[in-house]
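Reminder, nothing fancy here: chain letters follow the sequence lines and each chain counts from 1.
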Number of protein chains: 2
Amino acid sequence: MTATTDRRGELLRIAATLFAEKGFKNTTVRDIAEAAGILSGSLYHHFDSKESMVDEILSTFRAQLFAAYGDVLASDDDARAKLERVVRLSFEAIDQHPAEVAIFQNDADHPGSFERFGYLAERGVQSRDIWLSLLNEGVETGALRPDLDVHLVYRFIRDTVWVAVRWYRPGGDLSHGDVADQYLSILLEGIASSAD
Amino acid sequence: MTATTDRRGELLRIAATLFAEKGFKNTTVRDIAEAAGILSGSLYHHFDSKESMVDEILSTFRAQLFAAYGDVLASDDDARAKLERVVRLSFEAIDQHPAEVAIFQNDADHPGSFERFGYLAERGVQSRDIWLSLLNEGVETGALRPDLDVHLVYRFIRDTVWVAVRWYRPGGDLSHGDVADQYLSILLEGIASSAD
DNA sequence: GTCTATAGCATGATAGAC
DNA sequence: GTCTATCATGCTATAGAC
């Protein structure tokens, strides 16, 4: 890592925080420059455009995340254990990369606004297939209830996990492991008392 | 309802759809006018500003929603029945006012971007109190598991219910009642098989 | 690597004719 | 109630000095 690379990374970190807080469109190039202590024109020495910045932020994060998913899937755990690990991995990602997750949630989802991020949709499909295969395997092996619509279960899990980025604060009272524990307990066992 | 009022409502409906699809900031006054078949300047005969449009859209919806909540809370159902009714009510709101819910989810949440919507935060607190009192009552009466963090359960329920606006499509294969059934089943009983 | 200066464009909003 | 025309502003991005 040269000094140039470090500066790039620092600027991307600053931009990511602002994008996460205010949204991509709502964050101006001048905002980013001001937060970095330079003027807007100077940013273009490091990056081609505002879009190339968010592009680099998201693609870097996405690559890390899917590499981690790959490790879990390649293991020989059973479906339920894999499912738990993927959930824990996701809360860990929220803990360690909250800005990136927030940008995904807030900006990369809008149908019209991010046509150029088609590769994100592809990865979304890939992610869905991972979850669906785990859920189906869980049903087949008898670990999960057979009477539920797995597609619906998938959407509930996906949304609930990622949307936690809206309220989870790294370094707060709850660790990402605590949140994952409680979440998995609710998801797997439900909130009704077992005596009910 | 005069013709003037109808025209207002029609324009607001058009604007709400665009705000929901592309986001508030991403939707231009010219976009709204074009979708309505008029020119941008003409919109200002009906509304003071773009913000006043989204203001009216959200406050109208919010009033309807909280009125419906009020009916449930005023009933003499027990906590679990009320909880189920509030969940069903929320999915019904997504079915009948998807644009409004989407705007809430996508735009009214950003901390920095919507300072003028302070009243939404107040309502958010009110909504949280409703849920927390229901959950606490459920725990006290033995209907719900006592070992869970109710604040976390609240956030889990709130997020999962409302985020469904991202994929639920009115008139599709699943009715809002179907979704509510499955969701409540997952939430209350969990996805693990009971033999597990 | 940052600054000065500015081009070029899109935006929210206004005034007055019809 | 809509259109024509336009203003003022803020935006992304560029060019060249330092």
What is the distance, to the nearest angstrom, from the [atom1] atom on [X] to the [atom2] atom on [N]?
{"X": "A:Glu34", "N": "C:dT2", "atom1": "CD", "atom2": "C1'", "answer": "16 Å"}
{"X": "A:Ile32", "N": "C:dT2", "atom1": "CD1", "atom2": "P", "answer": "14 Å"}
{"X": "A:Lys25", "N": "C:dA10", "atom1": "NZ", "atom2": "P", "answer": "11 Å"}
{"X": "A:Phe47", "N": "C:dT2", "atom1": "CZ", "atom2": "C1'", "answer": "15 Å"}
{"X": "B:Leu43", "N": "C:dT14", "atom1": "CG", "atom2": "P", "answer": "13 Å"}
{"X": "B:Leu39", "N": "C:dT11", "atom1": "CG", "atom2": "C1'", "answer": "15 Å"}
{"X": "A:Glu10", "N": "C:dT2", "atom1": "CD", "atom2": "C1'", "answer": "14 Å"}
{"X": "A:His46", "N": "C:dC3", "atom1": "NE2", "atom2": "P", "answer": "10 Å"}

Would you call [X] and [Y] a salt bridge, using N to O less than 4.0 angstrom?
{"X": "B:Arg145", "Y": "B:Asp147", "value": "yes"}
{"X": "A:Glu34", "Y": "A:Arg30", "value": "no"}
{"X": "A:Arg13", "Y": "A:Glu10", "value": "no"}
{"X": "A:Arg85", "Y": "A:Asp77", "value": "yes"}

If you take any heavy atom closer than 4.0 Å to DNA chain D, which residues from residues 11-18 of chain A end up in contact?
none
Distance criterion of 3.5 Å, no angle test: do you see the side chain of B:Arg7 paired donor-to-acceptor with the base of D:dG1?
no
Closest nucleotide among [options] to the [X] side chain:
{"X": "B:Tyr44", "options": "C:dA13, C:dT2, D:dC11", "answer": "C:dA13"}
{"X": "B:His45", "options": "D:dT2, D:dA13, C:dT2", "answer": "D:dT2"}
{"X": "A:Arg30", "options": "D:dT12, C:dG12, C:dC3", "answer": "D:dT12"}

Under 4.0 Å: is that the gap between some side-chain N or O of B:Ser42 and OP1 or OP2 of D:dC3?
yes
Sole candidate of A:Ile103, A:Val101, A:Asp95, A:Asn106 that passes side chain to side chain contact (heavy atoms under 4.5 Å, CB included) when paired with A:Val165:
A:Val101
Among B:Val125, B:Leu73, B:Val72, which residue satisfies the side chain to side chain contact (heavy atoms under 4.5 Å, CB included) criterion with B:Ile130?
B:Leu73
A:Tyr183 vs A:Phe91 aromatic rings, parallel, tilted or perpendicular, using cut-offs 30° and 60°?
perpendicular
What is the nucleic acid contact for B:Ile38, judged by heavy atoms within less than 4.0 Å: base, sugar-phosphate only, or nothing?
sugar-phosphate
B:Thr27 vs A:Ser40, nearer the 5' end of DNA chain C by closest nucleotide:
A:Ser40
Residue pair A:Gly41/B:Lys50 against DNA chain C: nearer the 5' end by closest nucleotide is A:Gly41
